Protein chains: 2
Amino acid sequence: MTFGEYIREIREEKQLLLREVASQMNIDTALLSKIERGTRLARKEQAEALAKALKQNKSELLQYWLADKIVYMLKEEKNITEILKIVEQKINRLSKK
Amino acid sequence: MTFGEYIREIREEKQLLLREVASQMNIDTALLSKIERGTRLARKEQAEALAKALKQNKSELLQYWLADKIVYMLKEEKNITEILKIVEQKINRLSKK
DNA sequence: TTTTGACTTGTCAATATTTGTCTAATGTAA
DNA sequence: TTACATTAGACAAATATTGACAAGTCAAAA
């Protein structure tokens, strides 16, 4: 599930309208629609505003948001697993220092 | 080791000058210097050109380059491991489809 | 069928970011 | 000092991102 699908699901569970949530976020309804549908990426501040508007745990939602951005970077790649392994190695080395 | 450190190491092993490699890549020496020092990110085409100029396996170097970009995105985060887990889950779900 | 309301789409200007180069500075070995 | 390699800073140009608006679709209600 993408970030957009995820927040749409939550919004619908809570029976909120795009217009209501968007207004709380101070953005256009159209923009929120695009974010939910994945044709636009949310900015970090928007992800935060979403957490607030939807009463979700902020850092959790931000994690999900960032993970989504990474998936987006990787999605056309062939050896994703290999790349993620390299990432983990690099991270591990960083954290040791 | 970052992407920049890595290619610098290879360049020095081969005793090539920044100017020589940069010229093969059709970029300014200063830019290559910055890429090696990590103050600028290489673009994909530049990573490819580097592979050629340094006679490295292109897709391998590109993997390294992309991994580096992801590390760069993550480096300020707190729960990197958690985020990477989410990424893997998402990837796994994607590949099943 | 017409209207209404929710959502979506396309487009555009404004803004922000990235990019590459130039020049000047710094480092260094002869 | 000189010569050459590298680096730093500043800048304009190129690109990308952003948010809003207006017009569109769609479904349910009137």
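Note on naming: letters A, B, ... go to the chains in the order of the sequence lines (proteins, then strands), and numbering restarts at 1 for each one. All heavy atoms count here, side chains included; hydrogens, waters and symmetry mates do not. Small disclaimer: the values here were computed from a predicted structure and weren't measured.
Both B/Leu16 and B/Ile35 sit in one connected hydrophobic cluster of ILVMFWY residues. Membership requires side-chain heavy atoms under 4.5 Å apart, directly or through other members. One hydrophobic cluster, built from ILVMFWY side chains closer than 4.5 Å, holds both B/Ile86 and A/Ile91. Residues B/Leu50 and B/Leu31 share a hydrophobic cluster, clusters being chains of Ile/Leu/Val/Met/Phe/Trp/Tyr side chains in contact below 4.5 Å. Both B/Tyr6 and A/Ile83 are assigned to one and the same hydrophobic cluster, defined by single-linkage of ILVMFWY side chains at heavy-atom distances under 4.5 Å.
Scanning for side chain to side chain donor-acceptor pair (under 3.5 Å) contacts around A/Glu45 gives A/Arg43, with sequence neighbours left out.
Shown for residues 32-50 of chain A: residues whose heavy atoms fall under 4.0 angstrom of DNA chain C, namely A/Ser33, A/Lys34, A/Arg37. Non-hydrogen atoms lying under 4.0 Å from DNA chain C are contributed by A/Arg8, A/Arg11, A/Leu17, A/Leu18, all within residues 6-18 of chain A. Of the residues in residues 63-77 of chain A, none has a non-hydrogen atom less than 4.0 angstrom from any atom of DNA chain D.
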Using a 3.5 Å cut-off and no angle test, enumerate the donor-acceptor pairs between side-chain atoms of residues 57-74 of chain B and protein atoms at least two apart in sequence or in another chain.
{"residue": "B/Asn57", "atom": "OD1", "partner": "B/Ser59", "partner atom": "N", "Å": "3.1"}
{"residue": "B/Asn57", "atom": "OD1", "partner": "B/Ser59", "partner atom": "OG", "Å": "3.2"}
{"residue": "B/Asn57", "atom": "OD1", "partner": "B/Glu60", "partner atom": "N", "Å": "2.9"}
{"residue": "B/Tyr64", "atom": "OH", "partner": "B/Met1", "partner atom": "O", "Å": "2.8"}
{"residue": "B/Trp65", "atom": "NE1", "partner": "B/Ala42", "partner atom": "O", "Å": "2.9"}
{"residue": "B/Asp68", "atom": "OD1", "partner": "A/Lys90", "partner atom": "NZ", "Å": "2.8"}
{"residue": "B/Asp68", "atom": "OD1", "partner": "B/Phe3", "partner atom": "N", "Å": "3.3"}
{"residue": "B/Asp68", "atom": "OD2", "partner": "B/Phe3", "partner atom": "N", "Å": "3.3"}

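The ring-ring contact (aromatic ring centres under 6.0 Å, His included) pairs that include a residue from residues 23-42 of chain A number zero, where partners must be two or more places apart or lie in different chains. Judged as a ring-ring contact (aromatic ring centres under 6.0 Å, His included), not a single pair has a partner in residues 10-41 of chain A (not counting sequence neighbours). Residue pairs meeting the side-chain hydrogen bond (donor to acceptor under 3.5 Å, both in side chains) criterion with at least one member in residues 75-85 of chain B, sequence neighbours excluded, do not occur. Each side-chain hydrogen bond (donor to acceptor under 3.5 Å, both in side chains) pair with one or both residues in residues 14-41 of chain B, not counting sequence neighbours, appears once here: B/Arg8-B/Glu36, B/Arg11-B/Glu36.
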Per-nucleotide protein contact string for nucleotides 23-30 of chain C, where B marks a base within reach and S marks sugar-phosphate only (heavy atoms under 4.0 Å, - for neither)
--------
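In summary, contact between chain B and DNA chain D, defined as any nucleotide atom under 4.0 Å from a heavy atom of the protein, begins and ends at D/dA5 to D/dA10 in the 5' to 3' direction.
A distance of 6.0 Å separates CG in A/Leu54 from CD1 in A/Ile10, rounded to the nearest 0.5 Å. We find the CD-CG distance between A/Gln46 and A/Leu32 to be 9.0 Å, quoted to the nearest 0.5 Å.
Among the protein residues, B/Ile27 comes within range of the sugar-phosphate backbone only, with heavy atoms under 4.0 Å from sugar or phosphate atoms but none that close to a base.
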Which protein N or O atoms sit under 3.5 Å from an N or O of nucleotides 13-16 of chain C?
none

